[in-house]
Amino acid sequence: MSTTTTTNLPHHLKPKDISTESTSASKLSQKTILNLLNTKCNTSLQCLKLAYCLTLRTGHFQDHYVAGTLVKCYANPHFNNFGFALKVFDYVLNPNVFVWNIVIRGCLENNEPSKAISLYHLMVAANSRPNKFTYPPLFKACTITHAIEEGLQIHAHVVKHGLSRDGHIKSAGIQMYASFGRVREARRMLDGEGDSDIICWNTMVDGYLKCGDVEAAKELFECMPDKNIGSWNAMISGFAKCGMIEEARKLFNEMDKRDEISWSAIIDGYIKGGYYKEALEVFNEMQREDIRPRKFILSSVLAACANVGALDQGRWIHTYVKRNSMRMDAVLGTALVDLYAKCGRLDMAWEVFEKMIEKEVYTWNAMIGGLAMHGRAEDAIGLFSKMQREKLKPNEITFVGVLNACAHSGMVDEGLAILDSMKNVYGIEPEMEHYGCVVDLLGRAGLLKEAEELISSMPMEPNAAVLGALMGACRIHGHVELGERVGKVLLELEPKNSGRYALLSNIYAKAGRWDDVEKVRRLMKERGIKTTAGSSMIDVGGIVHRFKMADSSHPQKKEIYLMLDRIFERLHMEGYSPKTSQVLFDIKEEEKETTLRYHSEKLAIAFGLLSTEPGTAIRIVNNLRVCDDCHSATKLISEVYNREIIVRDRVRYHHFKNGKCSCKDYW
DNA sequence: CTAGGGTTAG
């Protein structure tokens with residue numbers, strides 16, 4: 001190793017920076033400096049700077065081992081100083097393979113995959129011979145940047161250097177090929193010379209599943225000479241991603257030992273597939289097995305809770321977070337705000353929101369969206385202004401929330417002004433979704449003509465959602481002709497969406513055009529479209545109960561139906577009359593009334609009245625929009641039984657209290 | 001020579 005000489009110095013140092021050799025620093029050994037770099041310098045940038053100076057003063061910078069370690073420390077993503085790491089690397093004269101490897105890996109860890117590839121080219125040009133440490137990060141870089149040509153070339157280099165036996169390289173290569181959709185090349189690597197171990201097999205299993213080749217994955221999984229927990233987990237998450245949740249569950253059940261990844265794979269699979277109730281059941285099972293959930297699982301479970309209205313479960317998680325003093329970061333906090341807002345507890349949502357320190361735009365969006373769902377337009381707009389006072393830039397989603405708020409309370413002028421300001425003030429081009437909100441706003445307010453005009457002034461062709469909003473307005477205001485016109489377009493645009501058929505036949509039914517109702521029904525049958533069954537969920541004591549129309553699967557069905565009859569006796573005394581125009585088919589009036597009586601929402605309310613203490617609020621989550629009849633019946637129930645009833649439908653909330661609803665019958 | 005969290009979740 002060379003001692004300090006001025007000729008060997010990094011070129012940015014002037015000779016006068018270098019003190020004479022008499023300092024004690026020069027006596028520091030290589031070992032001491034390395035020790036310093038590998039301990040304190042990993043956490044303290046100040047120490048690192050000091051160490052850097054020391055290496056320069058003592059001449060140890062010329063030692064590749066020291067220089068490489070120095071680059072590695074500066075490349076620590078936690079310091080956010082990768083630019084300087086590259087600078088330090090530049091000062092290294094004739095870097096050896098060790099230093100090259102470190103800097104290439106550093107690029108990857110600092111989200112600069114293309115830089116990794118270009119540095120590799122420099123390395124090759126500099127005639128530094130790569131070793132087995134060089135390639136895994138390069139394959140990864142190609143995977144991230146989807147650089148197929150580069151990937152193939154790098155693979156060729158691996159072969160040329162005789163490194164294709166290495167397991168680390170193999171698994172990175174397999175992963176790369178699979179990400180390109182080239183499972184055959186991936187498999188060739190797996191079966192090639194050298195040791196393929198469990199991790200390589202697991203990577204291949206994962207690759208097959210990511211490419212949708214379930215059969216190949218199954219076969220490999222079956223015939224692998226050895227398996228570890230990762231093999232099972234790869235199959236489970238892969239099945240879940242392919243939408244094969246039952247298969248995933250089957251494997252999950254067969255496992256004898258499960259880790260956190262197994263649990264979160266299956267829970268997430270359920271959530272992604274929309275099986276929120278099942279996700280929560282598995283989460284509870286996980287608790288019983290004493291697995292300590294960490295933040296990621298908790299955030300996704302909170303999303304499931306929010307979707308089914310499992311307030312108690314969500315609250316439990318909130319307590320768990322506090323009790324374990326987990327950091328309330330933006331993701332977790334936003335999930336809680338969303339949970340409370342979606343469960344009808346704006347007060348709690350607000351409390352969490354206020355206390356949060358790390359708010360991000362999407363946190364504000366969740367709160368604004370929550371207020372919008374509850375029809376609290378003024379508050380939503382107020383928060384929108386506050387957000388700007390705090391110098392936060394609203395994004396597209398923010399405007400969806402604000403415009404929705406306007407739509408839900410009929411604030412036409414405000415909504416139009418906001419749409420206008422998007423482009424003129426915030427420089428955000430309104431997208432289809434924003435126009436959809438405003439079409440909805442105008443349509444609900446009965447301004448059908450204006451809504452149509454807005455659609456034709458849009459810079460893009462209206463999609464099904466926009467037309468759906470217009471058609472919804474036609475239903476509310478009884479515009480049969482326009483509704484029919486839009487409906488026909490919509491049925492061709494989205495022939496598989498049962499909701500569109502329901503809406504059209506609803507428009508006809510309202511106008512008494514039963515022949516046309518029948519036609520729509522026949523069309524659905526011909527096309528094999530099934531109506532989405534309405535269902536209502538209610539959370540009682542932490543357990544979510546789900547009811548369908550005229551459901552008879554609940555263990556307490558007898559009591560529930562008895563209760564329902566009693567409820568209607570009392571409602572009739574209060575002057576209730578069923579809104580039979582809600583029923584789509586031309587059947588006798590009495591039959592219509594029975595159909596209405598067993599709507600899932602009413603079953604859930606009856607169950608709620610039966611199984612909760614008098615005076616407590618009842619919370620219901622509907623998968624569809626509330627119907628007119630359920631709306632007026634629920635208003636009356638809230639008065640007669642003196643209960644607050646909070647119903648969430650597909651797009652908004654209804655707070656029923658003392659015979660009134662928070663939506664002021666505008667929905 | 002020194003260095004790899006090489007697979008599976010979010």
Side-chain angles (χ1 to χ4, degrees), chain A residues 1 30-31 33-35 37-38 63-73 75 95-106 108-109 130-140 143 163 165-176 178-179 186 189-190 194-210 217 220-221 224 226-241 248 251-252 255 258-272 279 282 286 291 293-304 329 331-332 335:
Chain A
M1 196 191 66
Q30 181 221 37
K31 216 174 148 188
I33 289 196
L34 282 175
N35 195 28
L37 285 172
N38 283 321
D63 178 345
H64 283 143
Y65 190 13
V66 171
T69 312
L70 202 51
V71 173
K72 193 182 109 177
C73 288
N96 71 355
V97 61
F98 174 68
V99 185
W100 281 111
N101 290 350
I102 293 269
V103 76
I104 288 174
R105 174 171 298 278
L108 224 72
E109 282 165 358
N131 64 13
K132 62 172 182 164
F133 289 100
T134 315
Y135 291 104
L138 286 168
F139 277 145
K140 261 199 175 153
T143 308
L163 295 167
R165 308 174 61 92
D166 182 78
H168 292 253
I169 295 178
K170 268 195 183 184
S171 64
I174 292 169
Q175 202 171 26
M176 177 188 77
S179 83
M189 266 188 111
L190 181 78
D195 21 280
S196 284
D197 55 11
I198 298 188
I199 291 178
C200 293
W201 297 321
N202 292 353
T203 312
M204 191 66 235
V205 165
D206 176 62
Y208 277 135
L209 288 164
K210 281 196 174 130
L220 182 60
F221 181 72
M224 271 161 63
D226 203 5
K227 293 184 185 68
N228 67 7
I229 204 162
S231 326
W232 291 80
N233 290 345
M235 288 295 286
I236 290 170
S237 77
F239 275 145
K241 275 189 202 113
L251 275 188
F252 180 81
M255 288 174 86
R258 306 176 183 114
D259 63 4
E260 204 198 332
I261 295 178
S262 330
W263 288 95
S264 70
I266 192 81
I267 288 175
D268 232 66
Y270 277 129
I271 291 174
K272 292 272 151 64
V282 179
M286 178 176 124
I291 308 272
R294 276 180 298 163
K295 240 194 264 173
F296 270 117
I297 281 207
L298 293 180
S299 313
S300 49
V301 173
L302 280 173
D329 61 13
V331 177
L332 199 54

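A stacking contact between A:Y65 and B:dC1 is absent: the pair does not combine a ring-centre distance of less than 5.5 Å to the base's six-membered ring with planes differing by less than 30°.
For A:S262, the side chain to side chain donor-acceptor pair (under 3.5 Å) partners at least two apart in sequence or on another chain are A:N233, A:D259. In this structure, A:K227 has no side chain to side chain donor-acceptor pair (under 3.5 Å) partners at least two apart in sequence or on a different chain.
Looking at heavy-atom distances under 4.0 Å, A:N38 makes no contact with the nucleic acid at all.
Comparing the same atom, C1', in B:dC1 and in B:dG5 gives a spacing of 22 Å after rounding to whole Å.
Listed for the A:N228 side chain is a donor-acceptor partner under 3.5 Å among the backbone atoms of A:S231. For A:N202 (side chain) and A:V205 (main-chain N/O), no donor-acceptor pair under 3.5 Å exists by modelled atom type.
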Next item on the list: Using a 4.0 Å cut-off on protein heavy atoms (strictly under), produce a 5'-to-3' string for nucleotides 4-10 of chain B with B for base contact, S for backbone-only sugar-phosphate contact, and - for none.
Entry: B-BBBBB
Notebook entry, point to check: Would A:K272 and A:D268 count as a salt bridge (charged side-chain N to carboxylate O under 4.0 Å, His left out) if you check the C-alpha gap in whole Å, the side-chain angles of each, and the deciding distance to 0.1 Å?
Noted result: CA-CA 6 Å; A:K272 292 272 151 64; A:D268 232 66; 3.0 Å; yes
